[in-house]
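Chain A is the first sequence line, chain B the second, and so forth, proteins listed ahead of strands; every chain is numbered from 1. The model shown is predicted, which means the values in this text are computed figures rather than measured ones. Any value given below was found using the heavy atoms of this structure, including those in side chains, with hydrogens, waters and symmetry copies removed.
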Amino acid sequence: MRKVAVIGASMGRIGRYPELIFQDLGWPAVKGAIEDAGVDRKQIEAVYCGSAYGGRLAGQRVLRPLGMTGVPVINCENACSSGATAFREAYLAIAEGRHDRVLVIGIDKLTMLGGGVLPGQPEDWEVDVGLTMPALYAMRARRYMHEFGLTREQLSQVSVKARRHGALNPFAQYQKPVTLEEVMAARPVAEPFGLLHCCPTGDGAAALVLCAGDVAAQHTTKPVWIAGAELTSGRFVTGYRDITTAEITQRGAGEIYEETGVSPGDVDVAEVHDAFAIAELMYYEALGFCKKGEAYQLLESGATSVGGRIPVNMSGGLLSKGHPVGATGAAQLVEVVWQLRGQAGARQAEGAKVGLTHCTGGGIAGLDHGACAITILNT
Amino acid sequence: MSAEVVEPRYALAGSIGADEAGEPRLMGGLCAGCGAKVFPKPKICSSCWSTEQKDVALATRGRLYSFSVVHAARKGWPSPYAIAYVDLEDGVRVCAPLEDGVANPPPLDAPVELIVGTLRTDADGVAVLSHRFKPVTEAR
Ligand SMILES: [Zn+2]
């Protein structure tokens with residue numbers, strides 16, 4: 001396996017852009033990543049594009065206005081992990097020697113869907129009796145609160161932290177802090193969640209340029225290295241299951257820590273999949289940042305906030321930065337690349353050398369989640 | 001004007017049966033290969049790949065594992081409504097609406113029992129029925 005570097009990263013501000021067509025949402029991020037990388041667009045040998053709701057040929061539609069088609073375009077759908085799945089495939093293609101320079105795109109335009117709760121998985125028996133994504137996470141939250149004594153005020157502090165970080169991020173959909181009182185009083189979505197415990201829907205695109213280690217010096221003096229990129233899917237369980245444990249994340253984290261030799265204590269900055277407030281707490285535990293049941297103490301200690309021991313979701317996370325589903329994995333990777341280069345502005349985690357991204361999702365009955373992708377980057 | 005009998009529509013085809021006394025039962029699959037009991041009945045067992053799956057009436061009682069009162073519902077669904085995971089006494093977990101869960105939310109782990117009721121009204125104006133669970137009130 002060859003070493004692989006990230007040499008270009010770009011994204012636009014996540015938000016609601018109903019006036020933009022899909023390709024016009026996407027190409028500015030690609031142009032930005034190509035220019036950031038210092039490569040000629042003709043040097044890109046293949047493109048991996050992740051999108052969950054973009055429909056057919058998402059990658060080609062984004063590349064066409066830039067005159068960049070004519071190379072293999074691999075379109076990847078893996079729900080919330082689509083962008084991260086595309087990134088992993090691109091990484092492996094270079095590591096295994098198939099290509100030297102490739103482009104990764106993550107994109108989704110959720111305003112195309114008309115708003116409201118995202119449609120559930122068709123033909124899913126839990127969806128057919130009324131399960132929604134917020135309700136699934138709300139059930140995790142209620143069970144977690146029951147077993148570990150977490151209060152709704154404590155749960156709400158996750159959203160307060162996310163919005164505090166998002167206020168420092170010019171790429172975030174929400175850039176206004178919120179108070180605990182505002183989170184507690186927001187209109188109910190799926191109890192115990194109100195609106196501010198749930199990520200918004202929005203539109204976004206992010207892009208990265210990857211290259212083989214032996215050509216990285218041609219383009220940059222600040223490569224960010226890919227230590228490992230893990231992907232797994234949920235196991236099908238038909239009986240009782242502990243929904244307060246993020247099984248797929250815990251298993252994926254174990255695999256990538258073993259593969260890379262990195263331990264949770266080595267991670268300087270992390271972007272985790274906080275689609276709902278409870279998720280961030282569950283993922284602290286599943287990623288090994290703290291013990292089971294102790295996630296709130298970690299949050300309360302300030303360790304996961306700006307200036308803390310292991311800042312989590314400095315970008316504002318999905319709760320504040322936004323969650324254009326298939327773009328999210330790529331957007332998390334762009335954020336961590338910027339953090340490791342020291343380019344994250346007011347939200348910079350000082351001296352960060354090892355970064356982790358984690359995204360997981362895709363409600364499918366009987367599985368913890370459909371897919372989970374975890375990546376570790378370092379300088 | 002002609003009249004016709006409207007057969008009940010179920011949210012999940014084949015999921016509701018009845019016992020000898022005519023009481024509703026939730027039907028699952030019993031694997032002839034390995035004995036796994038699964039809801040809903042699969043066409044193939046994910047453990048042993050046996051395609052011989054018998055209809056089996058699942059336990060009518062269980063405990064409330066978790067639930068949520070849903071306010072932001074999908075189009076065409078009356079809200080708010082309560083949706084739950086129920087752990088049945090025979091080891092099967094089912095997702096089901098929780099009867100009266102909006103007005104009288106029970107504590108987690110409360111004993112619950114099966115009923116059949118209206119889930120929603122479909123585009124033809126016909127009631128769609130499903131399994132539901134309600135807190136057990138009387139002693140067993
Ligand atoms: Zn079997």
Side-chain angles (χ1 to χ4, degrees), chain A residues 113-149 186-195 197-201 234-244 276 278 363-367, chain B residues 10-15 28-29 31 36-42 45-47 62-88 90-98 101-102 105 107-110 119-120 128-133:
Chain A
L113 303 174
V117 184
L118 290 180
Q121 191 68 22
E123 302 183 349
D124 189 296
W125 61 85
E126 295 186 341
V127 171
D128 287 345
V129 297
L131 188 65
T132 62
M133 266 322 256
L136 173 60
Y137 276 93
M139 285 201 276
R140 293 183 199 277
R142 192 183 298 272
R143 189 73 206 181
Y144 188 102
M145 292 161 84
H146 176 76
E147 290 192 12
F148 300 103
R187 74 173 162 82
V189 171
E191 297 176 31
F193 295 155
L195 194 62
H197 297 107
C198 308
C199 65
T201 56
R235 287 194 173 131
F236 182 42
V237 176
T238 57
Y240 300 172
R241 187 157 53 85
D242 173 13
I243 64 173
T244 70
F276 300 92
I278 191 64
I364 171 169
L367 277 60
Chain B
Y10 291 106
L12 303 175
S15 62
C31 178
K37 210 186 259 191
V38 174
F39 178 83
K41 186 175 81 167
C45 174
S46 64
S47 300
R63 69 185 182 99
L64 180 64
Y65 179 72
S66 194
F67 75 98
S68 174
V69 173
V70 177
H71 296 263
R74 292 194 301 277
K75 279 197 184 73
W77 289 66
S79 66
Y81 63 86
I83 186 84
Y85 277 130
V86 171
D87 286 349
L88 299 179
D90 50 10
V92 175
R93 173 173 294 176
V94 294
C95 183
L98 180 65
V102 176
L108 297 197
D109 298 327
L119 180 69
R120 62 190 173 90
V128 177
L129 306 183
S130 81
H131 58 286
R132 307 169 71 81
F133 285 84

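Heavy atoms closer than 4.5 Å to chain B are found in both the backbone and the side chain of A:P188. For B:L64, the part lying near chain A is the backbone, with the side chain staying farther off; criterion is any non-hydrogen pair under 4.5 Å. For B:Y81, the part lying near chain A is the side chain, with the backbone staying farther off; criterion is any non-hydrogen pair under 4.5 Å. Only the side chain of B:L119 comes within contact range of chain A, with heavy atoms under 4.5 Å apart. Interface residue B:I83: backbone and side-chain heavy atoms are both found under 4.5 Å from chain A.
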For this session: Under the side-chain contact (heavy atoms from CB on, under 4.5 Å) rule, what do B:R93 and A:R241 come out as? Steps first, then yes or no, please.
Result: CA-CA 8 Å; B:R93 173 173 294 176; A:R241 187 157 53 85; 3.8 Å; yes
For this session: Show the numbers, then the answer: is there a salt bridge (charged side-chain N to carboxylate O under 4.0 Å, His left out) between B:D109 and A:R143?
Result: CA-CA 10 Å; B:D109 298 327; A:R143 189 73 206 181; 2.9 Å; yes
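Partners of A:Y240 according to the ring-ring contact (aromatic ring centres under 6.0 Å, His included) rule, which considers only residues two or more places apart in sequence or in another chain, do not exist here.
Side-chain N or O atoms of A:R142 include none that pairs as donor or acceptor with a backbone N or O of B:S68 at under 3.5 Å. Not one N or O on the side chain of B:Y85 forms a donor-acceptor pair closer than 3.5 Å with the backbone of A:I243.
Minimum heavy-atom separation, B:C95 to A:L131: SG-CB, 4.1 Å. B:Y65 and A:D242 get closest at one heavy-atom pair: OH-CA, 3.5 Å. Residue A:V127 comes nearest to B:R74 through the heavy atom pair O-NH2, 2.7 Å, listed as atom of the first residue, atom of the second, then distance. The shortest heavy-atom contact between A:W125 and B:F39 is NE1-O, 4.0 Å.
Per-residue heavy-atom pair counts under 4.5 Å with chain A were compared for B:A11, B:G91, B:S130, and the maximum is reached by B:G91. Note: B:D87 leads B:D87, B:V70, B:L12 in heavy-atom pairs under 4.5 Å with chain A.
Rounded to the nearest 0.5 angstrom, B:S47 OG and A:F236 CZ are separated by 8.5 Å.
Among residues at least two apart or in separate chains, salt bridge (charged side-chain N to carboxylate O under 4.0 Å, His left out) pairs with a member in residues 125-141 of chain A are A:R140-A:D368.
By the 4.5 Å heavy-atom criterion applied to side chains, B:L108 and A:E147 are not counted as neighbours.
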